[in-house]
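Worksheet for the structure shown next.
Counting starts at 1 for both ligands and their atoms, following the listed order.
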Amino acid sequence: MKLAQRLDGVKPSPTLAITAKANELKAKGVDVVGFGAGEPDFDTPQAIKDAAVKAIGAGFTKYTPTGGIPKLREAVAARIQAEHGVAYKPSEVLVSCGGKHALYNLFQALLNPGDEVVIFTPYWVSYADMVRLAEGTPVLVQTGPESDFEPTPAQIQGAITARTKAVIVNSPSNPTGAMFSRRTLETVIAAVKGKDILVVSDDIYDKLVYKGKFENVLDLDPSLREQVAIVNGVSKTYAMTGWRIGWTAGPQALVSAMQKLQDNSTSNASSIAQHAALAALTLPLEAEIEKMRQTFDGRRKHIVQRLNAIPGVKCNEPSGAFYVFPDVRALLARKAPGQAEPLGNDERFVAQLLEAHKVAAVPGSAFGAPGFMRLSFATSMEQIDKGLDRLAEMVKSLG
Ligand SMILES: Cc1ncc(COP(=O)(O)O)c(C=O)c1O
């Protein structure tokens with residue numbers, strides 16, 4: 001069967017593939033340490049689960065308006081107002097099936113063939129493919145550990161052309177955990193202001209910050225409101241990845257276009273999950289969320305320290321999210337035992353780590369950054385230590 005060409009340039013998600021491979025090995029009884037997961041290892045807080053059960057009991061089991069139940073849209077708008085001081089009408093908020101779905105709808109609604117979207121590298125795998133699926137052109141701007149994964153002003157300005165339609169800001173970032181400085185956000189604002197360019201502010205890790213304070217472009221310039229789409233959701237903050245609730249707040253024309261698309265694709269996100277998300281946004285869960293953040297922070301410090309103690313591995317300290325992105329370039333000229341050829345690249349490095357040492361990580365090239373790998377520390381301290389013992393063993397074994 002001849003299938004749609006639009007999928008030809010799109011790769012299956014490498015992070016999901018690694019997780020699937022690690023799970024397959026685990027199911028066979030192999031003791032694999034998984035650093036692949038892009039989700040908190042904590043359970044969803046009980047009060048949120050209770051709200052979902054209550055919603056089922058109360059009969060909230062039917063279609064809802066496509067854009068979400070009014071109370072949830074209002075709660076999202078209220079949160080943005082409280083945190084960023086910018087007002088959104090409920091109609092300017094669209095609830096989708098996760099942040100990923102929100103972003104997919106956004107690019108479908110925004111882009112025409114050839115429109116460019118500036119993406120800072122290393123980038124979350126899905127951005128470039130979602131842009132391509134919408135017939136847009138990803139414009140990749142390389143950053144590295146020497147600038148703590150921040151683009152320079154010249155790089156930001158140089159990436160903007162007459163075809164630029166959007167700039168994605170994901171701070172804290174997946175995969176590096178790096179956060180943009182105020183200066184970088186200001187440079188982004190200055191580069192787009194007054195032009196037909198949207199800042200897509202993917203704030204999904206805004207509550208998982210360990211150094212400094214979270215800021216988005218609207219904190220610095222509320223007058224940019226008509227040029228900003230805020231994407232967020234409950235997945236990471238509330239350990240609710242499986243519930244699939246995310247949202248977009250943005251200019252009415254964009255949100256209405258996204259809603260039209262959603263009307264004709266998924267319709268509403270799950271009615272029950274929407275009630276759970278409403279509970280997440282409105283119940284006093286600060287203490288529980290803070291506990292998770294502190295646990296992540298302890299692991300973050302530990303994993304960075306242990307990685308940097310392995311000869312040949314260099315790791316920046318992330319400011320947020322739950323990932324570290326160590327540089328293993330210095331090890332790629334080395335050979336695995338019994339191999340005639342050096343490892344050569346991060347994919348072979350990560351394959352050796354999984355096959356010979358039973359540790360699952362995602363190669364940096366999946367995020368546009370060859371020579372690195374991503375480890376998620378959304379796993380227990382015990383697993384972190386076990387995994388890093390194995391990584392150290394592998395490094396020692398290289399010839
Ligand atoms: C940077 C980034 N944005 C958005 C998402 C989407 O999350 P979800 O679809 O679970 O809300 C993820 C999830 O991995 C992410 O890492």
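- Between Arg306 and Asp385 there is a salt bridge, since at least one side-chain N of the basic residue sits less than 4.0 Å from a carboxylate O of the acidic one.
- Judged as a salt bridge (Lys or Arg N to Asp or Glu O under 4.0 Å), the pairs with a partner in residues 87-104 (not counting sequence neighbours) are, in order, Glu92-Arg225.
- Comment: Lys260 does not engage Asp263 in a salt bridge, judged by the lack of any side-chain N to carboxylate O separation of less than 4.0 angstrom.
- With respect to Asn232, the side chain to side chain donor-acceptor pair (under 3.5 Å) criterion is satisfied by exactly one of Thr248, Asp206, Asp202, Thr237: Asp206.
- For residues 177-190, every residue pair satisfying the salt bridge (Lys or Arg N to Asp or Glu O under 4.0 Å) rule, not counting sequence neighbours, is listed here: Arg182-Glu215.
- Sorted by chain then number, the residues whose non-hydrogen atoms approach ligand 1 to under 4.0 Å are Gly98, Gly99, Lys100, Trp124, Tyr127, Asn170, Asn174, Asp202, Ile204, Tyr205, Ser235, Lys236, Arg244.
- For residues 112-121, the pairs satisfying side-chain hydrogen bond (donor to acceptor under 3.5 Å, both in side chains) are Glu116-Thr161, with sequence neighbours left out.
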